[in-house]
Amino acid sequence: MRVLFGLAAGLLLLLAAQPLMPAYRSSRDVLAPPGRGHLLGTNDIGQDVLTGLLHATPNTVLMALAAAAVATATALIIAGVAAAASATIRNMILRLVDAVQVVPSILVLLFLGTLMQPGLAGLALLLGLTSWHEDVRVALAMLRRELQRENVRFARHMGASRTYCLRRHVMPAIRPALAALYIQNIRQVTLRAAGLAFLGLTDPRLLTWGGMMQDAMDYLYTPAWLWLLLPPALALTSFLLIMLLLTENDPAEARA
């Protein structure tokens, strides 16, 4: 959980500092290499690469947090319905989940991305609604395990409602595991969003690390690739590695 609070705090700081950042505007310094005036160089229309990174970071991180939240919440809701339903309905839900898993989600993303070219909110919703099915069985197993514990059975026997048992017994017990699923989904949707932006299937006005890498492809065989491609690629890699390390080092999630 400390990882989640750290992510939220970092995002709030980035959003609060965004009005103080220099404007991401063009200039006459086209494809200028890194130097005193531009620490990470400029792109093909004279925009400062470092400024672009600063503006792209909140968009990329916010999209990842929102999309992962949609995916995790959707999986938990479907798993909750399956856990509370009869065996027949539960099997029907699981067969439906299996049918959804047969269709490669990346193909759905490519198709819808081509049609819609989504912005920040649309991209987060699209990624979240195409990433939930992989977590349903995991969430269902956790819910059924906790619902069968003695404390929950005793509470039900004493007249406690299902809502009370979920709020006071089940959810606190599975919260660390849900946090781990959420972090895993953040890494997954971040990579998928970067891939869509890299292919030019998102709103071109939305500045993200993946979009910056896509803009660098025209200069891959020139020296400019060093300051156009490497900074956003390293930012993306660093974010994924930090997420992985924080997850592994979080004691609450490790116990899950």
Side-chain angles (χ1 to χ4, degrees), residues 10-11 14 17-18 21-68 104-124 126-127 130-131 184-245:
L11 179 61
L14 287 172
Q18 198 166 26
M21 297 178 187
Y24 188 53
R25 56 172 177 262
S26 58
S27 68
R28 295 181 180 179
D29 299 327
V30 176
L31 294 178
R36 295 182 61 183
H38 304 282
L39 296 180
L40 293 181
T42 62
N43 61 14
D44 54 353
I45 58 175
Q47 294 171 319
D48 186 75
V49 174
L50 178 59
T51 302
L53 280 178
L54 294 175
H55 284 275
T57 298
N59 294 336
T60 304
V61 176
L62 178 61
M63 178 280 307
L65 295 180
S105 58
I106 188 63
L107 295 181
V108 178
L109 282 173
L110 292 175
F111 176 73
L112 294 178
T114 303
L115 290 179
M116 300 168 53
Q117 285 196 320
L120 183 61
L123 183 60
L126 179 61
L127 288 167
T130 55
S131 304
Q184 177 180 319
N185 284 330
I186 289 176
R187 297 198 298 265
Q188 178 178 311
V189 299
T190 301
L191 284 173
R192 290 183 177 181
L196 287 178
F198 184 78
L199 294 174
L201 300 181
T202 59
D203 190 339
R205 297 168 296 180
L206 179 63
L207 187 61
T208 62
W209 295 334
M212 293 181 70
M213 288 189 286
Q214 194 270 340
D215 293 338
M217 287 297 99
D218 292 337
Y219 303 94
L220 191 59
Y221 300 103
T222 68
W225 76 271
L226 288 170
W227 62 85
L228 293 180
L229 180 61
L230 286 184
L234 290 176
L236 178 63
T237 303
S238 299
F239 176 70
L240 295 175
L241 287 176
I242 290 172
M243 294 289 299
L244 180 62
L245 292 174

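Looking at residues two or more places apart in sequence or on another chain, you find no side-chain hydrogen bond (donor to acceptor under 3.5 Å, both in side chains) involving Gln117. Judged as a side chain to side chain contact (heavy atoms under 4.5 Å, CB included), and not counting sequence neighbours, the contacts of Thr190 are Ala64, Ile186, Leu236, Phe239, Leu240. Remark: Tyr219 engages Leu31, Asp44, Thr222, Ala224, Leu228 in a side chain to side chain contact (heavy atoms under 4.5 Å, CB included) (not counting sequence neighbours).
Rounding to the nearest 0.5 Å places CZ of Phe111 at 12.0 Å from CG of Leu201. Taken from CG in Asp215 to CZ in Phe198, the straight-line distance is 10.5 Å, to the nearest 0.5 Å. If you take NE2 on His38 and CG on Asp29, they are separated by 4.0 Å, rounding to the nearest 0.5 Å. The CG atom of Leu207 sits 9.0 Å away from the OG1 atom of Thr57 when rounded to the nearest 0.5 Å. The line from OG1 of Thr202 to CD of Gln214 is 8.5 Å long, rounded to the nearest 0.5 Å. With rounding to the nearest 0.5 Å, the separation of CH2 in Trp227 from CG in Leu40 is 11.5 Å.
The closest side-chain heavy-atom distance from Arg192 to Ser105 is below 4.5 Å. In this structure, the side chains of Val30 and Thr42 stay at 4.5 Å or more apart for every pair of heavy atoms. Counting heavy atoms from C-beta on, the side chains of Pro34 and Leu39 never come closer than 4.5 Å. Considering only heavy atoms from C-beta on, Thr208 stays 4.5 Å or farther from Met63 through its side chain. Side-chain contact check for Leu123 versus Leu196: some heavy-atom pair is nearer than 4.5 Å. Counting heavy atoms from C-beta outward, Leu53 and Pro232 have side chains that approach closer than 4.5 Å.
Nearest heavy-atom pair, Pro118 versus Gly122, reported as atom, atom and distance to 0.1 Å: CB-C, 3.7 Å. Annotation for Gly211 and Ala197: closest pair N-CB, 3.4 Å, computed over non-hydrogen atoms. Closest of all the heavy-atom pairs between Leu110 and Thr114 is O-OG1, 2.7 Å. Across all non-hydrogen atoms, the minimal contact from Ala56 to Met212 is CB-SD, 4.1 Å.
When only modelled atom types and interatomic distance are considered, Thr51 and Arg25 share no side-chain donor-acceptor pair under 3.5 Å.
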Pair Met217, Leu229 - check side chain to side chain contact (heavy atoms under 4.5 Å, CB included), show working. CA-CA 8 Å; Met217 287 297 99; Leu229 180 61; 3.8 Å; yes
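Of the possible donor and acceptor atoms, one in the side chain of Ser27 sits under 3.5 Å from a partner among the backbone N and O of Gly46.
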